[in-house]
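Scroll down for the structure; my scribbles are underneath it.
All values derive from a computational prediction rather than experimental measurement.
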Amino acid sequence: MNDLVKRLCIKKGFIGVFVSAGILLTLGLLIGFSSPVGAGRVSIDLPVYAKGRNENQAAIDKGNVPKLWQSGNRGQGMVVAVIDTGIQPHKDFRLTSPGTAKISRADAQRMIAQKGYGRYVNSKIPFAYNYTSNSNQATEPDDVSGFHGQHVAGIIAANGRYTKKQHEYVVGVAPEAQLLDLRVSDMIDDENKNDVARAIHDAVDLGANVISISLGISLPNQSFTDEEQAAVQYAINHGVFVSLAGRQLW
């Protein structure tokens, strides 16, 4: 199996983490944050994944996600910000129809020009930035930072399909959602509070409906003076659903 595909899908030992961070997170995306009638519900010719092997099928079935798909909810018109170790572009990270994108290329480029940083990757990943190095280019994960962000992004919004050359693929919970690649880690446990806070604020500014944050460092006790927690509150105040996970929760 393609090594990058392995990094996109759930592996033994990761199921508990990613079912909670992917299934529950995106159920909030699809149900709790549904767009108004007609918005984000563009009719598209959805593929049928009857052939080959979806490496994420066990989690999809466990979360009863196919029932959401049958009702037309596949994440179209929605945006998930992944604040993690980065996302590497992949053939399974795609939109069936770019016309369903909430953030168009023109929208992304306008925001990038206003902020003075960031990079448009494609219609699936309209914004990418590495906050640890303040770089527009070094946004993809590597063997040092780890591929945790790639795992999370794949389970949330991969949209793979069967082809004659590739029988194995990954389909996430919300395959038609867009992803914001906000990298805040260059190695395990090196996250900086200011980097995380900046990424959260940018996610809100860019129009994220959901923010997924996975940190290797422990989370601090509740403090309204902590800039990370203040940023989370900022997101919540703007109607954004925030899923936050850390190594220690107390």
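Across all their heavy atoms, L182 and A199 have their closest contact at CD1-O, 3.4 Å. Smallest separation of non-hydrogen atoms from N122 and K124: OD1-N, 3.0 Å. Here the closest non-hydrogen pair linking A177 and A157 is O-CB, 3.9 Å. The two atoms that bring W69 and P175 nearest to each other are NE1-CD, 3.8 Å, heavy atoms only. Annotation for A108 and Y120: closest pair CB-CD1, 3.7 Å, computed over non-hydrogen atoms. For the residue pair L180 and I87, the shortest heavy atom distance occurs at O-CD1, 4.2 Å.
With rounding to the nearest 0.5 Å, the separation of CD1 in I236 from CD in Q229 is 10.0 Å. A distance of 8.5 Å separates OG of S104 from CD of Q109, quoted to the nearest 0.5 Å. Rounding to the nearest 0.5 angstrom, the gap separating the CZ atom in R94 from the CD atom in E176 is 7.5 Å. Atom CZ of R183 is separated from atom OG of S133 by 7.0 Å, given to the nearest 0.5 angstrom. Separating the CD1 atom in I213 from the CD1 atom in I83 is a distance of 4.5 Å, to the nearest 0.5 Å.
For the pair Q233 (side chain) and A231 (backbone), a donor-acceptor distance under 3.5 Å is absent. At least one donor-acceptor pair closer than 3.5 Å links the side chain of K102 to the backbone N or O of G207.
The closest side-chain heavy-atom distance from D61 to P66 is below 4.5 Å. Residues N159 and T96 meet the side-chain proximity criterion, which asks for heavy atoms closer than 4.5 Å. Proximity of Q178 to I125: side-chain heavy atoms (C-beta onward) are nowhere separated by under 4.5 Å. At least one side-chain heavy atom of Y117 sits under 4.5 Å from a side-chain heavy atom of N136. Proximity of F127 to V79: side-chain heavy atoms (C-beta onward) are nowhere separated by under 4.5 Å.
With hydrophobic clusters built from ILVMFWY side chains whose heavy atoms lie under 4.5 angstrom apart, M78 does not share a cluster with L95.
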Review point. Between R198 and N192, does a side-chain hydrogen bond (donor to acceptor under 3.5 Å, both in side chains) hold up when you go through it step by step?
Key: CA-CA 10 Å; R198 287 191 295 144; N192 177 280; over 6 Å; no
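Listed by chain and number, the residues in a side-chain contact (heavy atoms from CB on, under 4.5 Å) with D205 are M111, K115, D202, Y234 (sequence neighbours excluded). Scored by the side-chain contact (heavy atoms from CB on, under 4.5 Å) test, A235 finds I200, V204, I211, V240, V242 as partners (sequence neighbours excluded).
Under 3.5 Å, the side chains of D84 and S185 contain no donor-acceptor pair of N or O atoms. No donor-acceptor contact under 3.5 angstrom links the side chains of R119 and N130, judged on distance only.
Between Y131 and Y129, the two ring planes are perpendicular [angle over 60°; tilted spans 30° to 60°].
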